[in-house]
Amino acid sequence: KGMVVSFGEMLIDFVPTESGVSLAEAPGFLKAPGGAPANVAIAVARLGGKAAFVGKLGDDEFGHMLAGILKQYGVAGEGISFDQGARTALAFVTLRADGEREFMFYRNPSADMLLKPDELNIELIKSAKVFHYGSISLIVEPCRSAHLKAMEVAKEAGALLSYDPNLREALWPSQEEAKKQIMSIWDKADVIKVSDVELEFLTGSPKIDDANAMTLWRDSLKLLLVTLGEKGCRYYTKNFRGVVESFDVNAVDTTGAGDSFVGALLAKIVDDHSILEDEKRLREVLKFANACGAITTTKKGAIPALPNESEALTLYKAN
Ligand code: ATP
């Protein structure tokens with residue numbers, strides 16, 4: 001089985017024990033491990049795939065706790081470094097009245113931002129059949145250089161490059177800078193997944209339609225995906241495009257749905273990149289990815305809500 005190597009941040013979200021309250025009003029917080037690239041690696045492993053995480057954690061109790069979680073889920077940890085000085089990143093998260101999440105980050109700087117190019121496990125990255133990343137690791141040096149180098153090593157070694165920008169506006173100095181840096185590596189990826197919110201942010205247009213999505217298309221791409229929450233996803237390739245609807249579930253917390261969706265897609269294409277050229281098979285894989293995303297919304301938190309293969313197949317076959 002081919003390996004999915006996921007690069008970037010892993011952190012702890014602190015989530016209020018009561019819903020609908022502000023951070024100041026929250027009577028207490030629960031630890032919810034996350035970080036999109038780490039979630040994706042665990043999502044792949046949950047589905048029976050081979051996955052590794054590459055990133056930096058603090059050499060503190062939280063950092064070792066997170067490394068332990070990756071290990072517990074069977075994600076290879078040879079790509080993890082520990083920083084002796086900086087802390088593991090934390091984020092306090094609230095759900096606004098409109099359902100969108102709001103983040104307050106503690107990264108001043110956090111260990112993940114301090115990963116250096118010479119700390120990369122090159123052999124591990126070279127072994128990737130799929131190399132996945134986001135954009136948070138592009139925000140500051142030295143992590144930015146480590147990210148760019150890792151992408152280059154993976155591409156050179158023949159990996160498929162998968163990119164989920166996973167926009168966190170609060171972490172960027174400005175919207176313009178976010179847009180510029182997110183787009184600066186657009187042409188390197190083979191597969192890109194954006195959410196409807198990111199489509200609007202990157203294009204400047206609120207239209208969730210083919211014409212607007214196609215402004216993000218490049219001929220360097222093999223697949224462009226736009227996730228639409230409960231409505232499923234749209235897909236674009238050189239030769240075909242369409243929509244795959246999601247499943248009717250009782251959503252309680254959408255955290256990690258996108259990562260679950262991406263993990264499922266990568267777990268399915270890692271051993272057969274030709275799926276990307278076959279619309280019928282791609283639609284089946286996207287239906288499976290929708291099922292995984294949908295299941296993840298039915299439980300609180302991201303990682304505990306990621307489905308295994310049999311849970312995903314049960315929903316997949318029910319429709
Ligand atoms: P995240 O909340 O992790 O940032 P995202 O915004 O990247 O997620 P979404 O579009 O919310 O991604 O969800 C990803 C996929 O999960 C969707 O394409 C869909 O297949 C599934 N999904 C999400 N929400 C629901 C829902 N309420 N009902 C059914 N399926 C859903």
Side-chain angles (χ1 to χ4, degrees), residues 6 8-11 13 15 32-44 46-47 91 93-96 98-103 132-136 162-171 182 191-202 206 208 213 216 223-236 242-268 282-307 311-316 318-319:
S6 192
E9 68 288 354
M10 184 173 197
L11 70 160
D13 284 345
V15 187
N39 292 346
V40 168
I42 294 174
V44 170
R46 279 287 279 157
L47 294 169
V93 185
T94 38
L95 204 58
R96 289 195 324 228
D98 64 2
E100 282 300 316
R101 279 172 293 159
E102 204 156 33
F103 299 86
H132 176 78
Y133 47 88
S135 71
I136 290 170
S162 161
Y163 182 24
D164 174 356
N166 201 41
L167 174 69
R168 292 287 177 266
E169 275 190 62
L171 293 179
I182 287 171
V191 176
I192 297 180
K193 172 255 172 201
V194 292
S195 65
D196 41 10
V197 175
E198 287 155 352
L199 175 63
E200 176 171 355
F201 178 84
L202 292 171
I208 310 299
L216 296 179
L223 174 65
L224 173 66
L225 293 161
V226 180
T227 57
L228 311 166
E230 62 181 12
K231 293 201 213 67
C233 65
R234 287 175 187 262
Y235 59 90
Y236 303 87
V243 181
V244 181
E245 280 176 21
S246 191
F247 297 84
D248 205 357
V249 292
N250 183 16
V252 297
D253 176 7
T254 64
T255 308
D259 305 329
S260 179
F261 174 92
V262 170
L265 169 75
L266 300 183
K268 294 294 172 192
L282 180 64
R283 287 185 61 91
E284 284 164 12
V285 166
L286 294 176
K287 183 179 164 189
F288 181 80
N290 281 341
C292 291
I295 289 169
T296 304
T297 70
T298 63
K299 285 184 211 153
K300 278 197 170 176
I303 293 169
L306 297 168
E311 289 164 335
L313 280 177
T314 301
L315 182 61
Y316 176 92
N319 279 255

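Order of listing sets the numbers, starting from 1, for every ligand and every atom in it.
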>> For atom 4 (O) of ligand 1, what's the nearest protein heavy-atom neighbour? Residue, atom name and distance, please.
In response: R101 NH2, 3.3 Å
>> For the 3.5 Å polar cut-off, considering only N or O atoms, please tell me whether G232 and ligand 1 meet it.
In response: yes
> Of all the non-hydrogen atoms in the protein, which one sits nearest to atom 6 (O) of ligand 1, and at what distance?
Replying inline: S195 CB, 3.5 Å
> Taking all atoms of both residues into account, what is the closest heavy-atom pair of P37 and G8, and its distance?
Replying inline: CG-CA, 3.8 Å
>> Checking the N or O distance criterion of under 3.5 Å, is ligand 1 in contact with S246?
In response: yes
> Can you tell me how far the CD1 atom of I303 sits from the OG atom of S260, to the nearest 0.5 Å?
Replying inline: 11.5 Å
>> Using heavy-atom distances only, which candidate in T297, L228, V262, L286 approaches atom 24 (N) of ligand 1 most closely?
In response: T297
> To which protein heavy atom is atom 16 (O) of ligand 1 closest, and what is the distance rounded to 0.1 Å?
Replying inline: G293 CA, 3.3 Å
> Considering only protein heavy atoms, which is closest to atom 12 (O) of ligand 1, and at what distance to one decimal place?
Replying inline: T227 OG1, 3.4 Å
> Mind checking whether N290 has an N or O less than 3.5 Å away from an N or O of ligand 1?
Replying inline: yes
> What's the shortest distance from atom 13 (O) of ligand 1 to any protein heavy atom, and which residue and atom give it?
Replying inline: A257 CB, 3.7 Å
>> Could you tell me, atom by atom, which parts of ligand 1 come under 4.0 Å of a heavy atom of V249?
In response: 28 (N), 29 (C)
> Would one find more than 12 heavy atoms of other residues, nucleotides or ligands at under 6.0 Å from atom CD of E245?
Replying inline: no
> Atoms of ligand 1 less than 4.0 Å from F247 heavy atoms?
Replying inline: 28 (N), 29 (C)
>> To check your reading of the model: name the closest protein heavy atom to atom 8 (O) of ligand 1, its residue, and the distance in Å.
In response: G258 N, 3.2 Å
> For ligand 1, which atoms have a heavy atom of G256 less than 4.0 angstrom away?
Replying inline: 3 (O)
> What heavy-atom pair brings A312 and I295 nearest, and what distance separates the two atoms?
Replying inline: CA-CD1, 3.7 Å
> Is NZ or CZ of K287 both nearer than 6.0 Å to the six-membered ring centre of Y316 and within 45° of the ring axis?
Replying inline: yes
> Who pairs with N39 by side-chain hydrogen bond (donor to acceptor under 3.5 Å, both in side chains), at least two apart in sequence or on another chain?
Replying inline: D259
> Taking everything shown except E311 itself, do over 12 heavy atoms lie less than 6.0 Å from its CD?
Replying inline: yes
> Would you say A251 and ligand 1 have an N/O pair spaced under 3.5 Å apart?
Replying inline: no
> Do L225 and V262 come close enough that some side-chain heavy atom pair is under 4.5 Å?
Replying inline: no
> Does the side chain of T296 reach to within under 4.5 Å of the side chain of L306, using non-hydrogen atoms?
Replying inline: yes
> Can we say D253 and K300 salt-bridge, meaning some charged N sits less than 4.0 Å from an Asp/Glu carboxylate O?
Replying inline: no
>> Evaluate R168 for polar contact with ligand 1, using N/O atom pairs at a separation under 3.5 Å.
In response: no
> So which of G229, A289, A294, A36 gets nearest to atom 19 (C) of ligand 1, if we judge by its closest heavy atom?
Replying inline: G229
> If we only count heavy atoms from C-beta on, is the L282 to L223 side-chain gap below 4.5 Å?
Replying inline: yes
> Who's the nearest protein heavy-atom neighbour of atom 27 (N) of ligand 1, and how far?
Replying inline: E230 CB, 3.5 Å
>> I'd like to check which ligand 1 atoms, numbered from 1 as shown, lie under 4.0 Å from a non-hydrogen atom of T254.
In response: 2 (O), 3 (O)
>> Tell me every residue that passes salt bridge (Lys or Arg N to Asp or Glu O under 4.0 Å) with R168, counting only those two or more places apart in sequence or in another chain.
In response: none
> Does at least one non-hydrogen atom of K193 fall below 4.0 angstrom from an atom of ligand 1?
Replying inline: yes
